[in-house]
Amino acid sequence: MSAAVHAESRVKAKEAARAGWQYELYDLLRRNNFTQFAYVPDAGHTVLINESLADAEVESIALTTEEEGVAMMAGAELGGARGVLLMQSSGAGNCVNLLSLIAGGRFPFLTLLSMRGDFGEGNPWQMPMGRAVEPVLEAMSVRCLRVDRPEDVVPVVSAAITMAFQGGEAVAVLLTQKLIGAKAF
Amino acid sequence: MKANVGNPEFDERYVLDRREAVPALVGGHKEFLFIAGLAGTARDVTSLVNDGPSAYGLGGAMGAATMMGLGLALARPDRTVIAFCGDGELLMNVGSLATIGVRNPPNLRIVCVDNGHYGETGYQRSHTSLGVDLEKIAVGSGIRRTLTIGTAAELPKGSKLLRESEDAVFILMRVKPTDPPKFKRTLDPAVCRVRFKAALADAARAGG
């Protein structure tokens, strides 16, 4: 094997290892009867989005803005279905007023956020919302759980599912840039 | 620009009284599940069902009604869901029409009760009475079955569409800028959630 081919295969193996938790996460959500996936297209959630698009048994809904997803999750819950809202950290800012529906109605609620403006970020435009995600969500009664390591994703999201759908909480799992990597600029 | 209540030129396009038009459009309400946006339509719909559990009416979270309707319609493909919203409510989240148009849920109907004004805040004019046509936006968003209702004669066509369409439906119903029914509804959003779900569970136990 030439050095170049060897290097390429190592890169692919590393990428596969890095993406592995994303497939495990999708399987976890499906095992827990999530049937509505709502999202604004996002690089950090590519695997979940593509898996939901390829899965004939779930609704995979692209939104024009994240706040649509907050309302959609509430509607799903009224109808007895479980949904999850996938968004980038910047989307948290778009959701704020509609989270009053979740808080006031005590709707179980799960959102997964891929972080920007976080560890290793090089784009100054992402910084304000990156800093604001946790205080803003917490102010709207959404509990935030951060995940930094691949091996923690499934346990933390499992805990979040229990807290939301048995405990009646609104929970956001923040997939940090330590976990997903910082985008190069 | 000043509120334009009483301007004959304006009122010509807005003649229906919502207190009569909403019940006439819906007809027998028991076959439907309802979401209603804040302010006027929440009162229209909760008074129609006498504050019953088949309607979830918002008292805030402006812009949520249409997408709550989508989530509910996808969760309950066996039921027809009508999401009522005012023109102001829909303008706040008009992108939801695009999201709904792309999915085209066959059991979702959106009814925009358009009075051309923000009634709750003192009847300031809204974009719809200043030239914006929400039916055209619905058409442009890919919603296949749309209808504008401006007179009582057009109501039966709307009632039929609510019941018979196999595509998502958007109805724009123009009404006078006058108050919705005076009706005291349950405002606690958690109480409304619990009773809505309990009624669906009861129906399921009864084999419905």
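Below, read A as the first sequence line, B as the second, and so on, with proteins coming before strands; counting in each chain starts at 1. The structure displayed is predicted, hence computed values, not measured ones.
For A:Gly104 against B:Asp188, the heavy-atom pair with the smallest separation is O-OD1, 4.4 Å. Nearest heavy-atom pair, A:Glu68 versus B:Ser96, reported as atom, atom and distance to 0.1 Å: OE2-N, 3.1 Å. Counting all heavy atoms, side chain and backbone alike, B:Ala64 lies closest to A:Leu101 at CB-CD2, 4.2 Å. Taking both residues in full, the closest heavy atoms of A:Ala71 and B:Met67 are given as CB-CB, 3.7 Å, listed atom of the first, atom of the second, then distance. Nearest heavy atom pair, residue B:Thr99 against residue A:Leu63, reads OG1-CA, 3.8 Å. Minimum heavy-atom separation, A:Ala74 to B:Met68: CB-CE, 4.0 Å.
For A:Arg106, the CZ atom counts as loosely surrounded, since its 6.0 Å shell holds 12 or fewer non-hydrogen atoms of other residues, nucleotides or ligands. Counting non-hydrogen atoms of neighbouring residues, nucleotides and ligands closer than 6.0 angstrom, the CD atom of B:Glu166 reaches no more than 12 such neighbours. In A:Arg30, the CZ atom is crowded: over 12 heavy atoms of neighbouring residues, nucleotides or ligands sit closer than 6.0 Å.
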Evaluate the side-chain contact (heavy atoms from CB on, under 4.5 Å) criterion for residues B:Leu74 and A:Met72: first the C-alpha distance (whole Å), next the side-chain angles of each, then the deciding distance (0.1 Å), finally the verdict. CA-CA 9 Å; B:Leu74 295 178; A:Met72 182 180 154; 4.1 Å; yes

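Taking 4.5 Å as the heavy-atom cut-off, none of the residues of residues 125-132 of chain A approach chain B. The stretch residues 75-91 of chain A places A:Gly75, A:Ala76, A:Glu77, A:Leu78, A:Gly79, A:Ala81 near chain B, each with some heavy atom under 4.5 Å from a heavy atom of that chain. Applying a 4.5 Å heavy-atom cutoff, none of the residues of residues 156-173 of chain A approach chain B. Scanning residues 138-146 of chain A against chain B with a 4.5 Å heavy-atom cutoff picks out nothing at all.
The part of A:Thr65 that comes within reach of chain B is its side chain, from C-beta onward, which places non-hydrogen atoms under 4.5 angstrom from that chain. Heavy-atom distances place the side chain of B:Arg103, and not its backbone, under 4.5 Å from chain A. Contacts between B:Ile35 and chain A at a heavy-atom distance below 4.5 Å involve the side chain alone, from C-beta outward. Contact of A:Glu59 with chain B is made through the side chain alone, with heavy-atom distances under 4.5 Å.
The choice from B:Leu58, B:Asn93, B:Val102 that makes the most heavy-atom pairs within less than 4.5 Å of chain A is B:Asn93.
Atom CG in B:Leu72 sits 9.0 Å away from atom CD in A:Gln36 (nearest 0.5 Å). Interatomic distance, B:Leu70 CG to A:Met73 CE, rounded to the nearest 0.5 Å: 8.5 Å.
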